[in-house]
Amino acid sequence: MLAQQRKSIIEAMVKEKGSLKVADLSDEFNVSQETIRRDIDKLQEECTSIVKIHGGVCYVSDNGVPSIVRKNLLVEEKLELAKKSVSLIKNGDILFFDCSTTSLCIVQELIKSEKKVTIISNSSIVNDYVKGSNVKLIMIGGIYCDDNDSYTGSIAIDLLSKFSANRVFISCPSFNLEKGLYDNSEDEAMIRRLMMKNSKQVILVVDHTKFDSFSLMKISDVDCVDVLITDKKLTDDEQRICSTSNITIL
């Protein structure tokens, strides 16, 4: 099979399934994983909706990588970040959670801790997690976004503006310690921005892949962040920026 023909088939497959693993594609076409990686690199250059991810490739809509794909990425890393996050939560806390898969992982760990808290979220999935737990849930409704399993729009903004919280746990598609927090979706950016504004403490939870990547819409400057929880080993310059901005690093 010619390389161009193989690329066309891979493109069709990833658009249909959402994401594919390099190892599976290697077996499918009986070529080396390195050959598949080269195919993916070329596809990424030719098609903006095809994006290389760790160990594979995924299809990206206008709202970024769909949550059904994101929830299966960096699972172990997100779990460690979630455990650090839960250590900051106290009984009686009122908490904002965005719709990120990192935040959903924190919610799962929080439920295991059996702490009694109130969660306010625009995620449509949180409801399934908190059933039978000590958590009181306030759901923010609005226009449903299938890619993010979330509710946004003017209705969501209006509802969200009525609440405040002790802490907000935010994760975003892109982060730069000099430029700030960025999102792929204007609607989600507005939700995250309002959650941060209405919280006493802003906790940003981002894995190493979020640093210095690119997203379209700015959420906020870095000085809005109180605590940074990450698995990235920060450079001396990054640590200095955190110190200057009074950001605690965990």
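Since the structure is predicted, the reported quantities are computational estimates derived from the model, not experimental observations.
Remark: Arg6 engages Asp39 in a salt bridge, criterion side-chain N to carboxylate O under 4.0 Å.
Within the structure, ring-ring contact (aromatic ring centres under 6.0 Å, His included) pairs that include any residue of residues 217-250 do not occur (at least two apart or interchain). Screening residues 221-250 for ring-ring contact (aromatic ring centres under 6.0 Å, His included), with sequence neighbours left out, gives no hits. Among residues at least two apart or in separate chains, there is no ring-ring contact (aromatic ring centres under 6.0 Å, His included) pair with a member in residues 223-244.
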Validation: residues 125-142 side-chain donor-acceptor distances under 3.5 Å, sequence neighbours left out:
| from | atom 1 | to | atom 2 | distance (Å) |
| --- | --- | --- | --- | --- |
| Ser133 | OG | Val130 | O | 2.6 |
| Ser133 | OG | Val135 | N | 3.2 |
| Asn134 | ND2 | Glu114 | O | 2.8 |

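Applying the ring-ring contact (aromatic ring centres under 6.0 Å, His included) criterion to Phe96, with sequence neighbours excluded, gives no partner residue. Under the side-chain contact (heavy atoms from CB on, under 4.5 Å) criterion, Lys42 pairs with Lys7, Glu46, not counting sequence neighbours. A search for side chain to side chain donor-acceptor pair (under 3.5 Å) contacts involving Arg167 returns Asp93, Gln201, not counting sequence neighbours. With sequence neighbours left out, the side-chain contact (heavy atoms from CB on, under 4.5 Å) criterion links Ile157 to Met190, Ile191, Leu194. Every residue two or more places apart in sequence or in another chain was checked for a side chain to side chain donor-acceptor pair (under 3.5 Å) with Asp223, and none qualifies. In this structure, Asp27 has no side chain to side chain donor-acceptor pair (under 3.5 Å) partners at least two apart in sequence or on a different chain. A search for ring-ring contact (aromatic ring centres under 6.0 Å, His included) contacts involving Phe163 returns nothing, not counting sequence neighbours. The side chain to side chain donor-acceptor pair (under 3.5 Å) check on Glu28 picks up nothing, with sequence neighbours excluded.
What you find for Asp231 and Leu81 is that their closest heavy atoms are N-CD2, 3.6 Å.
Side chains of Lys210 and Ser174: no donor on one and acceptor on the other come within 3.5 Å. Counted by atom type alone, Glu109 and Ser85 present zero donor-acceptor pairs between their side chains at under 3.5 Å. In this model, a donor atom of one side chain and an acceptor atom of the other lie less than 3.5 Å apart for Ser100 and Asp98.
For the pair Phe211/Thr230, a side-chain contact is recorded, criterion being any heavy-atom separation below 4.5 Å from C-beta on.
Interatomic distance, Ser121 OG to Phe97 CZ, rounded to the nearest 0.5 Å: 8.0 Å. In this structure, CG on Leu104 lies 4.5 Å from OG on Ser123, to the nearest 0.5 angstrom.
With a 6.0 Å radius and a threshold of 12 heavy atoms from other residues, nucleotides or ligands, Lys218 has its NZ atom above the threshold.
With hydrogens and angles ignored, the 3.5 Å screen pairs no side-chain donor or acceptor of Asp187 with any backbone N or O of Thr152. Of the possible polar contacts, one joining the Ser124 side chain to the Asp149 backbone as a donor-acceptor pair under 3.5 Å is found.
Between Tyr151 and Tyr144, the ring planes are tilted. Angles from 30° to 60° get that label.
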